[in-house]
Amino acid sequence: MNPSPLTARLQSQGALISDRDGTTVIAGFGDVGTEYRAVREAAGLMVASHVMVFKGTVDDALFPLDEVFAGNVANLRFGRVLHTLLADRLGQVVADAYIACNDDEIMVLCEACRPREEVVSLLSRCQVIDVTDDVEVLCIDGPKAWAPLRELAGRDILGMPYLSVENQNIDGVPVAMLRAGKTAEFGYWLVAPVEGAPAVYDRLLAAGRKIGIQPYGQDALDLLKLDGRFFNVNCEGRVVGDPLALGLQWMFDFQKERFSGREAILSRRSSGVHEKVIGFALAQGLRGSSNGDTVFLDGGVAGRVVACGWSGRLSREMGLAIMDRPVAWAGLELVVQGADGALAAASISLPPFIPASLLVRLDEV
Amino acid sequence: MESGTALIIAARSDVVTRVKRNLISRLSLPYTEDDLHEDVSLLGSGLGLDSLDALEVVLGIEQEFGVKIAEGNVGLLRSINTLVDFVLEKGAGTPIKAGGTR
């Protein structure tokens, strides 16, 4: 699939490009550590070209979407956003989704671990149209993410509740702005028409210069999701598949009579989950864990690594492992069998640190 | 499994169960204990508790375990696991008997 005009422009300016399920995405800008740090300490700006966007009217699409997505879409109120999940018939994760109810429009933003055609197929009866190629999703994240938006859209944006949506105008470009994000810091997703998105991107970067905003890409986002304990559909989601083992029950309304994969998921739920994903950190100074590495507890096999990377905040390598349920607890000494030898590790509580944004009161800035 | 590991798991498991029961009961959550992953975020994404819910959680933990959570210590409410860490660090994991003694 061709890159969006903004992605192509950034590529020509040196952005590193990669492919995710046929979609061209910006992997980064050459220094993942700097990008990660910007989001944890100030703000980062990302072109989220991996996000699929669907639109419909509330009248037509609300109830059909409720019959497909795991969460209670039918109860979604005007101006609010639901964070939920799309599963396939077998109850395996397909997409992590925000569903936004904005005026009389309903908008679905999916991060998927399956090809776009499969998501389109699952939503084929939902009375929504695929507008992914017509819009650009820009994400601004960080403890100071609000600052450039306050300058461009006014002070009222500080009052936006988490998981809400409203229409804004940035330099003449109409955007739908969601207060949302997956980095554990303040986050805003801006959905702009593809032709106006470059101007919005440039204005956000210019307005954020004084607070140290940096462009960032997918590689940094993967690390931010990992140590911020946000579900990453493209890492652990793709590897594990089962939302119950992933701990995503909070994305479900189990009382609903219909959603895609319901029978399979309820069956597994009633018989009990046998594995669970938990966090681990390698001992200080150790590196070298990889996906698929075996995890040992007291000399016996206890699980395997499903995601890993360097946490700038912890200053150590950390990851997620899917463990046998009886031993899936924080506070245990583990050994990760890396390619170059055994690595001392411990299971940890997540999120493993207090995000800077949690200590900022937006009503006082 | 070695006995030391089994003891760590038993102590943690007990506190986790009590914290989950407390959350489900006080907040009328539509989930079972098994549904609540210990790392699920309590604030914002995840269970999405608001400030009143958070206060209810703090009161529940203080009563259940006989600990005091300092005002404004929102960092503790990151997840069930971070609450459990706090309780275990305070040595408050054993049940409080009638009369207030452990």
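All of these numbers come straight from a predicted model, not from anything done at the bench. Per chain, numbering begins at 1; letters A, B, ... match sequence-line order.
In this model, a donor atom of one side chain and an acceptor atom of the other lie less than 3.5 Å apart for B/Q63 and B/R26.
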Taking it one step at a time, do B/D35 and A/R269 satisfy salt bridge (Lys or Arg N to Asp or Glu O under 4.0 Å)?
-> CA-CA 8 Å; B/D35 286 335; A/R269 183 182 183 230; 2.5 Å; yes
Given the rule in the side-chain contact (heavy atoms from CB on, under 4.5 Å) test, do A/R179 and A/L163 qualify, once you have shown the distances and angles that lead to the verdict?
-> CA-CA 5 Å; A/R179 169 92 192 277; A/L163 293 182; over 6 Å; no
After noting the C-alpha distance and the side-chain angles of B/E33 and B/R21, does the key distance pass the salt bridge (Lys or Arg N to Asp or Glu O under 4.0 Å) rule?
-> CA-CA 7 Å; B/E33 289 167 34; B/R21 281 186 190 150; 3.1 Å; yes
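For B/V16, the part sitting under 4.5 Å from any heavy atom of chain A is the side chain, from C-beta outward, and nothing else. Interface remark: B/S45 contributes backbone and side-chain atoms alike to the contact with chain A (heavy atom separation under 4.5 Å). Contact annotation for B/D85: only side-chain heavy atoms (C-beta onward) come within less than 4.5 Å of a heavy atom of chain A. Neither the backbone nor the side chain of A/P161 comes within contact range of chain B, judged by heavy atoms closer than 4.5 Å. Interface remark: B/L43 contributes side-chain atoms only to the contact with chain A (heavy atom separation under 4.5 Å). Interface residue B/V74: backbone and side-chain heavy atoms are both found under 4.5 Å from chain A.
Of the listed residues A/I278, A/I348, A/L358, the one with more heavy-atom pairs under 4.5 angstrom with chain B than any other is A/L358. Most heavy-atom pairs under 4.5 Å with chain A, from the set B/G46, B/S13, B/G44, B/G72: that is B/G46. Counting heavy-atom pairs closer than 4.5 Å to chain B, the top-ranked of the candidates A/L359, A/L244, A/V277 is A/V277. Contact count against chain B (heavy-atom pairs under 4.5 Å) is highest for A/L350 among A/I354, A/L297, A/L350. Interface summary for chain B: among A/G300, A/G247, A/A302, A/S349, the most heavy-atom pairs under 4.5 angstrom belong to A/S349. For the set B/T82, B/V40, B/D34, the entry with the most heavy-atom pairs within less than 4.5 Å of chain A is B/D34.
The only option from A/F69, A/F231, A/W250, A/F252 that meets the ring-ring contact (aromatic ring centres under 6.0 Å, His included) definition with A/H83 turns out to be A/W250.
Two residues are said to be in side-chain contact when any heavy atoms from C-beta on lie closer than 4.5 Å; A/V335 and A/V295 fail this criterion.
No more than 12 heavy atoms of other residues, nucleotides or ligands shown are found within 6.0 angstrom of CD on A/E333.
The aromatic rings of A/F254 and B/Y31 stand perpendicular to each other, their planes meeting at an angle above 60°, with 30° marking the opposite boundary.
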